[in-house]
Structure formats: C-alpha cells, structure tokens
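Here the structure is laid out as structure tokens; the discussion comes afterwards.
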Number of protein chains: 2
Amino acid sequence: MIPKQTVNMTDVARRSGVSIASVSRALRGEAGVSPVTRARILSAARDLSYVVSPEASRLSGGPTGRVGVIVPRVDAWFYSTVLAGVADEFDTVGMDLILCTLPDAAARHRFFEALPLRRKVDAVVVVSVPLSARERTRIDQLGVPTVFVGGHHPGPDRFWVGIDDELAARQAVGHLLRIGHRDVAMIQAADDTDIPWATDQARIRGFHRELHEAGHRDPTVVTVTWSVDGGSRGMEILLSRPRLPSAVFCHSDEIALGALRTLRRAGLAVPQSLSIIGVDDHPSAELTDLTTVSQPVREQGQIAARAVLGQLGSEATALSAVTTLPTRLVIRGSTSPPR
Amino acid sequence: MIPKQTVNMTDVARRSGVSIASVSRALRGEAGVSPVTRARILSAARDLSYVVSPEASRLSGGPTGRVGVIVPRVDAWFYSTVLAGVADEFDTVGMDLILCTLPDAAARHRFFEALPLRRKVDAVVVVSVPLSARERTRIDQLGVPTVFVGGHHPGPDRFWVGIDDELAARQAVGHLLRIGHRDVAMIQAADDTDIPWATDQARIRGFHRELHEAGHRDPTVVTVTWSVDGGSRGMEILLSRPRLPSAVFCHSDEIALGALRTLRRAGLAVPQSLSIIGVDDHPSAELTDLTTVSQPVREQGQIAARAVLGQLGSEATALSAVTTLPTRLVIRGSTSPPR
DNA sequence: CTGAAAGCGCTTACAG
DNA sequence: CTGAAAGCGCTTACAG
C-alpha cells in the first residue's frame with residue numbers, strides 16, 4: 001500500500017495562522033474574510049496543493065462537487081459527443097462527472113429503483129432518455145436540479161436543450177421536394193421501449209406534414225429498428241416493393257448508412273437510382289457523401305453543463321429554461337433531382 | 001414506499017433495537033453479529049429502504065465506491081467503446097465511475113498537477129494515454145491501484161490489457177503479401193505530442209518487419225496526423241508520386257477511411273486500382289467495405305474493470321497482470337490480388 | 001456478541 | 001472579520 005496524502009484543512013489553517021473556519025470560508029470564496037487573510041490562506045493552500053475532502057464537505061452540508069450524467073449508452077456517436085461537451089464544461093470549473101449508463105431494461109430498472117446517485121451529486125443531466133412518470137418521480141426524489149438534453153420537454157421550470165426535430169425532418173424532406181422529387185418514402189425507426197422517444201415522433205411528424213403541405217398524400221413508410229442494420233433492412237423492404245420511390249428520407253444518418261449499404265450491395269447507384277437523405281450529420285455521413293441535416297451535438301452538452309452550473313450558482317449567467325439549437329441542411333452527393 | 005431523504009443508520013438502529021455499531025457491522029457483512037440480530041437489522045434496513053451515506057462511510061475510513069477513468073477524449077469510437085465496457089462492469093457491482101477527459105495539453109497539464117481525483121476514488125483506469133515520468137509519478141501519488149488499457153506496458157506488478165499492435169500490423173500486411181502484392185506502401189499516423197504512443201510504434205514496426213521478412217525493402221511510407229483528414233492527405237501524397245503502390249496499409253481504419261475518400265474523389269476504384277487495408281474494425285469499416293484487422297475493444301474495458309475490482313477485493317478472481325487480447329483479419333471488399 | 005465513544009474533515013450557526 | 005464548538009453519518013478500536 002502506498003501511503004496516502006493527508007493534507008487537510010487543519011494543515012492549511014496552521015500554515016496560514018488562522019482557524020479552519022476561516023480557511024473554509026476563504027476557499028469557498030465566501031464573504032467575511034479580509035483580503036489579506038484570504039490571500040494568505042489561498043497561497044498556503046496552493047503551497048500544500050490542498051484539495052478539500054469532498055466527503056467531509058458534503059457531510060457538513062456542502063455540495064458534493066459532482067454531477068451525474070445519465071446516457072442510454074456511451075458507445076454511440078450522439079451520446080459520446082454530448083458527453084464530451086458536458087465533460088469539457090465541467091472540467092474547466094473542476095466539477096466531477098459521474099457517468100451513468102442504462103445499457104438495457106434491467107439496468108434501467110435497477111437504476112431508477114435503487115437510485116444509486118442518491119446523496120452523491122449536486123445535479124443531474126439526463127440525455128435523451130424518455131422518462132416514465134415513475135422514473136421522473138424517482139429523479140425528482142434525488143432532490144437536486146435536473147437538466148434535460150433532447151427528448152421530451154420536461155415541462156415548465158425545467159431546463160431543456162435540444163433541436164427542433166420536426167423542423168429538421170422538414171428541412172430534409174423540403175430539400176427533396178425542392179429538387180423535384182414527388183415520390184418520397186421514409187424509413188422510420190422505432191425503439192422497442194414502451195415510452196416513445198419525442199425525437200422519433202417529431203421527425204415522423206415533420207416528414208408527413210412537409211409532404212402534406214406540398215400536396216403529397218399517403219407516402220410509403222417502412223418501420224425498422226434504430227440501427228445501421230435496421231436501415232439496411234428498411235431499404236431491402238423498399239427494394240422488394242413493385243415500385244421504387246425516387247427519394248428516401250431516412251429517420252437518421254445511421255438508418256441512411258444502412259440503406260446505402262443495401263443499395264451498394266444491390267448494385268444500385270446513388271443518387272442516380274435513388275436519392276438518400278438522413279438527419280444528424282454523423283461523422284460517417286461525410287465519409288459516405290451523405291446529404292443530411294446537421295445538428296450541433298457537442299454544443300448541446302456544453303449548454304446543458306452551463307445550465308447545471310447556473311442553477312448551482314457556480315455561474316452567474318441566467319440561461320433560459322428552454323434552448324432550441326438550429327439545424328442546417330448539408331447537401332452532399334447522395335441527393336440529386338430525379339431523372 | 002417513497003424513501004425519506006433522511007433515513008440514516010440511527011433510524012435503522014432504533015427500528016431494530018440495537019446500536020449503530022451493530023448496524024454498521026451487519027450491513028457490511030462483517031463477522032461478530034449474531035444471525036438473529038443480523039436478520040433483524042437487514043430487515044429493518046430493507047423496510048426503511050436505507051442506503052449508507054457514502055460520504056460518512058468514506059470519512060470514517062471506508063472506500064469511496066468510486067473509480068476514476070481517464071481517457072484522452074470520449075467522443076471517439078475507441079475510447080467510448082472501452083468506456084462502455086468499463087461502465088458495464090462497474091454498473092453490476094454498484095461502483096461509481098468518475099469520467100476524466102484530457103481534451104488538450106492544457107487540460108492534461110492541469111489534471112496531472114492538480115490531481116483532482118485525489119481522495120475521491122478507490123482506483124484509477126488509464127486508457128491509452130502515454131504517460132511521462134512526471135505524470136506516472138503523479139498518478140502513483142493518488143495512492144490507489146491503477147490499471148492500464150492499451151499503450152505502453154506500465155512495468156511489472158501493474159495491470160495492463162490491450163492487443164499486440166505489432167502482430168495486428170503483421171496480420172494486415174501479411175494478407176496483402178499473401179494475395180500477391182509486392183509493392184505495399186504505408187500511410188502512418190503520428191501524434192503531435194512529445195511522448196510517442198506505443199501503439200503507433202508497434203504498428204509501424206510490424207509493417208516493416210513483415211515486409212522485410214518477405215524480402216521487400218524500403219517500402220514507401222508517408223506520415224500524417226491521426227485523423228480521417230490525415231488519411232485523406234496521406235493518399236493525396238501517394239497519388240502525387242510518379243508510381244502508385246499496388247496496396248496501402250493504413251495505420252488505422254480512420255486513416256483508411258480518409259484514404260478511401262480521396263480515392264473516391266479522384267475517381268479511382270477500390271480495390272481495382274489499389275487495395276486498402278486498415279486496423280481496428282471501426283464501425284465505419286463495415287459500412288465502407290474496408291478490409292481490416294479487428295480488435296476487441298469493449299472487452300478491453302471490461303477486463304480493465306474486472307482487474308480493478310479484483311485489486312479492490314470486491315471480486316475473488318485472480319487476473320494476470322498482463323492480458324493481451326487476440327486480433328483477427330477481417331477480409332472485406334477493399335482488398336484483392338493486384339492485376 | 002454488543003455498545004459507548006472517539007474520531008474522519010469539513011460547514012455553519014453562534015459568539016466575540 | 002475571526003474563532004470555538006457543534007454537528008454531518010458513518011467506522012473502528014476499546015470495553016464489557
């Protein structure tokens with residue numbers, strides 16, 4: 001066993017010739033410490049490279065200095081990028097990030113019932129997960145500020161950041177219509193969970209409304225699971241139909257990538273045989289020359305982190321409760337006018 | 001049913017008619033509590049849905065129940081996948097994961113000097129980061145067990161899990177030689193940091209040795225930065241040379257993806273004009289039909305997590321200090337015999 | 001086997 | 001502005 005460091009507040013107090021009460025106040029930037037004393041204390045703390053014991057601080061009623069971040073999973077582009085944004089912001093203020101993943105239904109159930117974050121964090125960031133009423137109640141029982149990224153709006157007085165998914169879908173479909181497509185199908189993704197994802201519903205709604213307003217009724221829609229393989233199968237289904245649409249709006253870039261794979265294997269050239277468009281601007285979209293609607297992802301994490309810090313008073317900025325970030329059409333080589 | 005915020009050990013002690021000392025012992029499964037008393041205490045704790053305060057527990061000498069995981073960044077496939085493996089294992093035993101990213105040199109310096117993990121974790125997992133002597137010393141000063149994933153072997157008595165990068169490179173180059181290529185170039189990646197990454201050196205070494213043993217000398221090598229754009233530029237450089245190799249071994253799949261992009265834009269068909277092979281089996285490799293050498297990534301995280309738990313005594317398994325996972329050639333459409 | 005008591009390292013009224 | 005003192009909720013010798 002390597003001996004552990006034992007610099008504590010008493011050491012700093014001794015070195016600066018004051019009581020630990022003053023050290024505590026000075027270190028937390030609290031009022032009521034003379035500038036001279038404060039400077040002396042801060043310098044002593046630096047010399048000893050002192051860090052407060054989060055345990056003791058917390059036990060005495062202080063904050064934990066930790067925020068829990070809940071993501072469905074971390075090994076997926078969207079979530080890991082949001083997480084990077086959150087981590088960045090927390091890093092600059094020295095806030096620790098406790099990562100919670102909900103890989104499957106069992107883990108999810110365990111998480112919300114056991115509430116392992118209890119007494120451990122000052123705030124929580126929930127990324128994308130659509131919460132059941134029960135789960136929302138449980139999160140509330142943590143008794144700390146909560147910020148949501150994407151998914152359902154959590155209601156009044158709650159911080160939310162995300163994009164307008166309906167608009168994103170409309171931007172994609174609008175582009176197809178604008179370049180002349182009249183027969184646009186959609187490969188839509190559905191999650192197998194009971195609680196529908198707001199994002200999914202909004203994108204589907206955007207697709208239908210945009211077409212409807214342009215006078216197109218009853219578009220072809222196939223539903224698959226949200227994954228590259230799902231997109232692949234979606235395109236297989238479309239190819240098995242008697243008539244091919246001239247363009248396909250894919251629920252997401254992952255779906256589109258799967259669709260492209262199927263088309264490549266079937267020997268059908270894109271966009272000559274078929275135009276394909278996705279949503280997200282996944283890194284692979286650029287690599288595969290996929291036209292898409294991009295959303296700022298890392299920034300969603302950063303804004304969520306700032307909202308947390310704002311609510312914890314570590315930052316003075318007053319952020320609005322709801323932040324909707326803009327999406328942008330990115331035209332690449334997978335779309336062209338129908339021939 | 002709804003747990004009060006303030007159930008503490010005293011409540012459990014009162015309800016079961018014993019002292020808090022006995023509650024503490026019973027709850028931690030310590031010897032020295034009669035079966036009857038223990039049962040009564042456990043039942044009372046369940047009734048009150050009591051959870052031990054981690055802060056108080058830690059402050060009294062118990063473990064923190066937290067492990068720090070250090071990754072260069074989280075928004076990259078390899079790191080996020082390792083992280084997912086770690087998170088999975090920790091989740092099952094209720095260990096909390098504190099995520100630490102080192103996005104740039106400044107953050108890195110700050111991290112190792114301030115050592116924000118001090119007093120906060122029971123162990124540390126270091127993913128891929130090649131450590132300077134100073135940084136290694138600082139990590140040691142945390143005074144907790146440390147496990148390394150990938151990169152340099154940390155020396156005797158230290159836990160390490162990773163792959164044999166030299167062998168992986170040989171598997172890739174060996175495949176090119178086996179199908180008849182005699183003019184194999186490499187696009188190699190170099191990091192801009194001062195400390196060389198063991199992974200990079202090993203892959204370069206594997207490339208040269210495999211060719212050398214087959215009697216091929218002085219292969220063409222271009223060096224770029226480790227990124228898709230780097231790979232793209234690497235291929236541009238090769239295309240600007242008077243003579244094209246018949247196959248290119250790419251340092252990683254990311255490099256290969258960039259190379260493929262350049263070839264596509266240049267209108268050169270793969271593998272007809274040129275065979276391309278990478279290393280890693282990045283998800284995009286499958287999408288772009290890239291031949292590569294796959295490595296188990298999530299599993300590296302899982303093994304690292306288990307090594308941590310083993311050292312903390314939470315698990316009885318005796319893991320060997322060094323675990324080298326196998327890599328595997330995955331033949332797809334980007335390689336074919338030269339014509 | 002069981003309990004009273006002394007901490008662990010802080011924060012925060014409460015006095016000066 | 002500053003300090004002495006009472007906790008916060010546990011664990012762990014130390015006694016019975």
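Naming convention: chains lettered A, B, ... in sequence-line order (proteins, then strands); numbering from 1 in each chain. What you see below is based on every heavy atom in this structure, not just the backbone, and it leaves out hydrogens, waters and symmetry mates. Quick caveat, the model's predicted, so the values are computed rather than measured.
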What nucleotide among C:dC10, C:dT12, D:dT2 has an atom nearest to a side-chain atom of A:Ser22? D:dT2
Of the candidate nucleotides C:dT12, C:dT2, D:dG9, which contains the atom at the shortest distance from the side chain of B:Asn8? D:dG9
Cationic tip of A:Arg136 above A:Phe148 ring, under 6.0 Å, 45° of axis: yes
Write down the distance between CG (B:Asp11) and C1' (D:dG9), rounded to a whole number of angstrom. 11 Å
Can you check the B:Met9 CE to D:dC10 P distance for me, whole Å? 5 Å
B:Thr64 and B:Asp122: side chain donor to acceptor below 3.5 Å: yes
Residue pair A:Leu97 / A:Leu83, side-chain heavy-atom distance below 4.5 Å: yes
Can you tell me if A:Tyr50 touches the phosphate of C:dG9, counting only side-chain N or O atoms and a distance under 4.0 Å to OP1 or OP2? no
Give the nucleotide from the list C:dC10, D:dG9, C:dA13 with an atom nearest to the side chain of B:Ser60. D:dG9
Rounded to whole angstrom units, what separation is found between the CD1 atom of A:Ile41 and the P atom of D:dT2? 8 Å
To the side chain of A:Ala21, which of C:dG3, D:dG3, D:dT11 is closest? D:dG3
Separation of D:dC10 atom P from B:Arg14 atom CZ, nearest Å, is 12 Å
Could you tell me how far apart A:Arg58 (CZ) and D:dG7 (P) are, to the nearest whole angstrom? 19 Å
Rounding to an integer number of Å, can you tell me how far A:Leu27 CG sits from C:dT11 P? 8 Å
Which one is paired to D:dA4, where only Watson-Crick or G-U wobble pairs with both distances under 3.5 angstrom count? none
Side-chain contact check for A:Ser19: nearest option of D:dA4, C:dC1, D:dG9 is D:dA4
Pair of N/O donor and acceptor under 3.5 Å linking C:dG3 base with B:Arg25 side chain: yes
Watson-Crick or G-U wobble partner for C:dA13, using a 3.5 Å limit on both distances? none
Can a salt bridge be assigned to the pair B:Glu55 and A:Lys120 using a cut-off of 4.0 Å between side-chain N and carboxylate O? no
Return the nearest nucleotide to the side chain of B:Ser34; candidates are C:dT12, C:dT2, D:dT2. C:dT2
By nearest heavy atom, map B:Leu59 and B:Val18 onto DNA chain C; which one lands nearer the 5' end? B:Val18
Pair B:Ser34-B:Arg38, side-chain donor/acceptor within less than 3.5 Å: no
Any idea which of C:dC10, C:dT12, D:dT2 is nearest the A:Ala56 side chain? C:dC10
Let me know the distance between CD of B:Glu55 and C1' of C:dG7, rounded to the nearest Å. 18 Å
Whole angstroms only, please: what is the CZ-P distance between B:Arg28 and D:dC10? 11 Å
